Amino acid sequence: MWLVYILGIGFVRLMGRIRRREIGEEAMGFGDVVLAGVIGLMLGWPGILAGLVLTFVLGGVGSLVYLIAVALARKYEINLTLPYGPFLALSVFILLFFR
């Protein structure tokens with residue numbers, strides 16, 4: 001997750017250069033990295049990879065559902081952000097209780 005955090009910083013900087021203005025936001029907060037570290041301790045080695053994949057899938061599906069709902073309500077805003085922590089927590093819940 002730390003690598004995803006660093007790649008997010010690079011992506012924001014790249015988009016700022018392309019747009020020719022500085023973007024003062026982060027792609028992902030460092031709290032998500034800390035939460036992922038704790039989750040890694042809980043799941044152990046084989047479970048870490050499954051947890052990350054499940055988190056990415058749940059985050060993508062959740063974002064898609066949210067974007068469709070916002071588009072149907074005609075309340076879409078540019079730079080819409082969603083928290084990533086709930087998807088991390090949901091993936092851990094699924095892996096720990098439904099393994």
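Keep in mind the model is a prediction, meaning the values are calculated, not measured.
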Participant: Given the rule that I, L, V, M, F, W and Y join up when any side-chain heavy atoms are under 4.5 Å apart, are Leu67 and Val61 in one cluster?
Facilitator: no
Participant: Establish whether Leu3 and Val34 are linked, either directly or via other cluster members, by ILVMFWY side-chain heavy-atom contacts under 4.5 Å.
Facilitator: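 As far as the 4.5 Å side-chain criterion goes, Val34 and Leu3 are not connected within one cluster.
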Participant: Gly51 and Ser91: which non-hydrogen atoms are nearest, and at how many Å?
Facilitator: O-OG, 3.7 Å
Participant: Roughly how far apart are Leu43 CG and Leu52 CG, rounded to 0.5 Å?
Facilitator: 9.0 Å
Participant: Between CG of Leu72 and CD1 of Ile68, what distance do you get to the nearest 0.5 Å?
Facilitator: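 The CD1 atom of Ile68 is 7.5 Å from CG of Leu72, to the nearest 0.5 Å.
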Participant: Can you tell me how far CG of Leu14 sits from CG of Leu7, rounded to the nearest 0.5 angstrom?
Facilitator: 11.5 Å
Participant: Is the shortest side-chain heavy-atom distance between Phe56 and Phe87 below 4.5 Å?
Facilitator: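 Contact flag for Phe56/Phe87 side chains = no.
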Participant: Please report the interatomic distance CG(Leu88) to CD1(Ile39), rounded to the nearest 0.5 Å.
Facilitator: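 It is 4.5 Å, given to the nearest 0.5 Å.
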Participant: I want to check something: taking the side chain as every heavy atom from C-beta on, are Tyr84 and Thr55 in contact at a cut-off of under 4.5 Å?
Facilitator: yes
Participant: Indicate, with yes or no, if Val53 and Leu64 share a hydrophobic cluster defined by side-chain heavy-atom contacts under 4.5 Å among Ile, Leu, Val, Met, Phe, Trp and Tyr.
Facilitator: no
Participant: Is it true that Val92 and Val57 fall in one hydrophobic cluster, defined by side-chain heavy atoms closer than 4.5 Å?
Facilitator: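 Different hydrophobic clusters.
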Participant: What are the two closest non-hydrogen atoms of Ser63 and Leu82, and how far apart are they?
Facilitator: OG-CD1, 3.6 Å
Participant: Using the test side-chain contact (heavy atoms from CB on, under 4.5 Å), find all partners of Leu49 that sit at least two apart in sequence or belong to another chain.
Facilitator: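 Leu49 satisfies side-chain contact (heavy atoms from CB on, under 4.5 Å) with Trp45 only.
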Participant: Look at the side-chain heavy atoms of Ile, Leu, Val, Met, Phe, Trp and Tyr, link any pair under 4.5 Å apart, and say whether Ile48 and Leu41 land in one connected group.
Facilitator: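 Result: no, two separate clusters.
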